[in-house]
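Both backbone and side-chain heavy atoms feed into the values below; hydrogens, waters and symmetry mates do not.
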Amino acid sequence: MGTQQRMDSLQCLRGVAALAVVLFHLRGVEIKYLQGPAMLDAVARYADAGVDLFFVVSGFVMTTIAAGRYTKAGASAQFLVKRAWRVLPMYWIFTTLVVALMAVVPSMVNSSYAGQSVLASYLLIPHAQLPVLTVGWTLVHEAYFYLVFAGVIAFVPERFVPAFLLLWAAAIGVAPWLPPGSTTPAHVLVTNPLTYEFIAGALLGLYWRHIPARLGLPLVVAGVAVAVSAAGALPEAGPATMAVGTRVACFGSAAVLLLAGAVVWEAMGGMQAPRWLTLLGDSSYSLYLTHIFVISAMGRAWAMLSPAPGWAGHLMFVVASAFACCVAGYIVHALLERPLLALPKRWGAARRQQAS
């Protein structure tokens, strides 16, 4: 595919999204292992909306990197290979770690894993249960979107891409009104309203340059306001358990506003991304895959070292655990993810050297 110009706003939002998901899962660990009222319980139940931001950003990136490549020979296959290499090796490594724990120390993993399909987990096949690496459920949605978008790149001329995306959205909208049909995991996946977030991000990737520069910061503020208002008005369970359509309408739209504002604000030169936040964004995938292991270990250790913490103990646990997750994510990114991503270029250079 074509070379995509780095956008620090995207990396910042990836970092924010990953950290939000960490806090969402950290809330459950705090409740499970620490005594007394959970500090994160009142707020972090809504942090799962980081997933909605991830999906919108993913759609944006797809149409951005595909510009000028539609219907060109080999472009679709190249897109899929690059996406697969970006996602699968790291995911397989940490899925294998969970499988090994299931075999060697089953008490260390969730007992509900017993009903999950290991093969479906590795291949990101829609399944009635969550993957053995639970955060992989979002990658099932990503894989579906990549497959559809690969077909778009192969067969849809660039000028018709917006029409295709709108027809795709319309098909999802019509699905609930059709006679009851299959309830298989695959059917549930392709009719899931979460796909609206990918589509909205993809449309934004096509048209964001038409947004007036003066709207950059107001759109960011509007996105934050919508998310905060939704968190205050919706049921206390949070986006993970509410109706998917409601989740998309509230937190998906907030993510679109936030992303639109961030990229426009950056383009007009008004956004100076903090270095630590762009680094967090760079390592967001590693952070996303590893944080479950880190917070589980931190929760068990904290329960043994501080069996009855007060509010200060809860605060220290949250800060220390979030920091440990970020550090672990960056180390894995630097030592494992980044070298893996560089391998295709090294292999290509080696082949060219041998040919010459």
Side-chain angles (χ1 to χ4, degrees), residues 13-14 16-28 31 40-62 124 126-131 134-145 148 165-166 168-177 183 185-204 219-262 284 288 291-292:
L13 292 180
R14 284 183 173 123
V16 169
L19 190 56
V21 174
V22 169
L23 293 176
F24 174 74
H25 290 134
L26 189 55
R27 166 182 171 262
I31 292 171
L40 290 176
D41 189 37
V43 177
R45 67 185 66 193
Y46 301 102
D48 192 48
V51 169
D52 304 276
L53 182 54
F54 268 131
F55 286 170
V56 172
V57 170
S58 182
F60 181 95
V61 170
M62 292 309 96
L124 296 176
H127 190 251
Q129 305 253 355
L130 290 171
T134 52
V135 295
W137 75 267
T138 63
L139 300 182
V140 175
H141 286 268
E142 292 271 1
Y144 164 62
F145 182 68
V148 173
L165 292 171
L166 292 174
W168 189 10
I172 298 169
V174 168
W177 303 97
T183 58
H187 179 267
V188 172
L189 174 66
V190 300
T191 59
N192 196 308
L194 284 172
T195 303
Y196 284 134
E197 296 176 344
F198 288 110
I199 295 171
L203 287 167
L204 182 60
L219 284 170
V220 171
V221 173
V224 173
V226 169
V228 171
S229 299
L234 291 171
E236 293 184 359
T241 55
M242 68 177 58
V244 180
T246 303
R247 171 182 186 155
V248 170
C250 294
F251 296 102
S253 60
V256 171
L257 291 169
L258 186 58
L259 176 58
S284 58
Y288 188 68
H291 75 276
I292 292 293

Q: Using a 4.5 Å cut-off on heavy atoms from C-beta on, say whether the side chain of Val51 contacts that of His141.
A: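 No - every pair of side-chain heavy atoms lies 4.5 Å or more apart.
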
Q.
Would you say that Leu203 contacts Leu166 through its side chain, given a criterion of any heavy-atom pair below 4.5 Å between the two side chains?
A.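 Yes, side chains in contact.
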
About how many Å separate [atom2] of [Y] and [atom1] of [X], when rounded to the nearest 0.5 Å?
X: Asp48; Y: Met242; atom1: CG; atom2: CE; result: 9.5 Å
X: Trp168; Y: Phe145; atom1: CH2; atom2: CZ; result: 5.0 Å
X: Leu258; Y: Leu53; atom1: CG; atom2: CG; result: 6.0 Å
X: Leu13; Y: Leu259; atom1: CG; atom2: CG; result: 6.0 Å
X: Leu139; Y: Phe54; atom1: CG; atom2: CZ; result: 10.0 Å
X: Ile199; Y: Leu204; atom1: CD1; atom2: CG; result: 13.5 Å

Shortest non-hydrogen contact from [X] toward [Y]:
X: Gly136; Y: Pro131; answer: C-CG, 3.6 Å
X: Pro193; Y: Val248; answer: O-CG2, 3.5 Å
X: Ala17; Y: Gly50; answer: CB-O, 3.3 Å
X: Ser253; Y: Val226; answer: OG-CG1, 4.0 Å
X: Thr138; Y: Val135; answer: OG1-O, 3.0 Å
X: Val220; Y: Gly261; answer: CG2-C, 3.4 Å

Q) Taking the six-membered ring for Trp, is the centroid-to-centroid distance between Phe198 and Tyr144 below 6.0 Å? A)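 Not close enough - the centres of the two rings lie 6.0 Å or further apart.
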
Q: Please say which of Glu142, Glu197, Arg14 ends up in a side-chain hydrogen bond (donor to acceptor under 3.5 Å, both in side chains) with Ser58.
A: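 So the option named by the test is Glu142.
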
**Q.** Donor-acceptor contact present, side-chain His291 to main-chain Tyr288, <3.5 Å
**A.**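 Confirmed, His291 side chain pairs with Tyr288 backbone.
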
Q) Would a distance-only check, ignoring hydrogens and angles, find a side-chain to backbone donor-acceptor pair under 3.5 Å from Tyr196 to Gly173? A)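 Checking the backbone N and O of Gly173 against the side chain of Tyr196, a donor-acceptor pair under 3.5 Å is found.
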
Q | Residue list, side chain to side chain donor-acceptor pair (under 3.5 Å) with Thr195, at least two apart or on another chain | A |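 Partners of Thr195 by the side chain to side chain donor-acceptor pair (under 3.5 Å) criterion come out as none, since no residue qualifies.
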
**Q.** Residues Asp52, Leu194; criterion side-chain contact (heavy atoms from CB on, under 4.5 Å); working and verdict
**A.** CA-CA 8 Å; Asp52 304 276; Leu194 284 172; 3.9 Å; yes

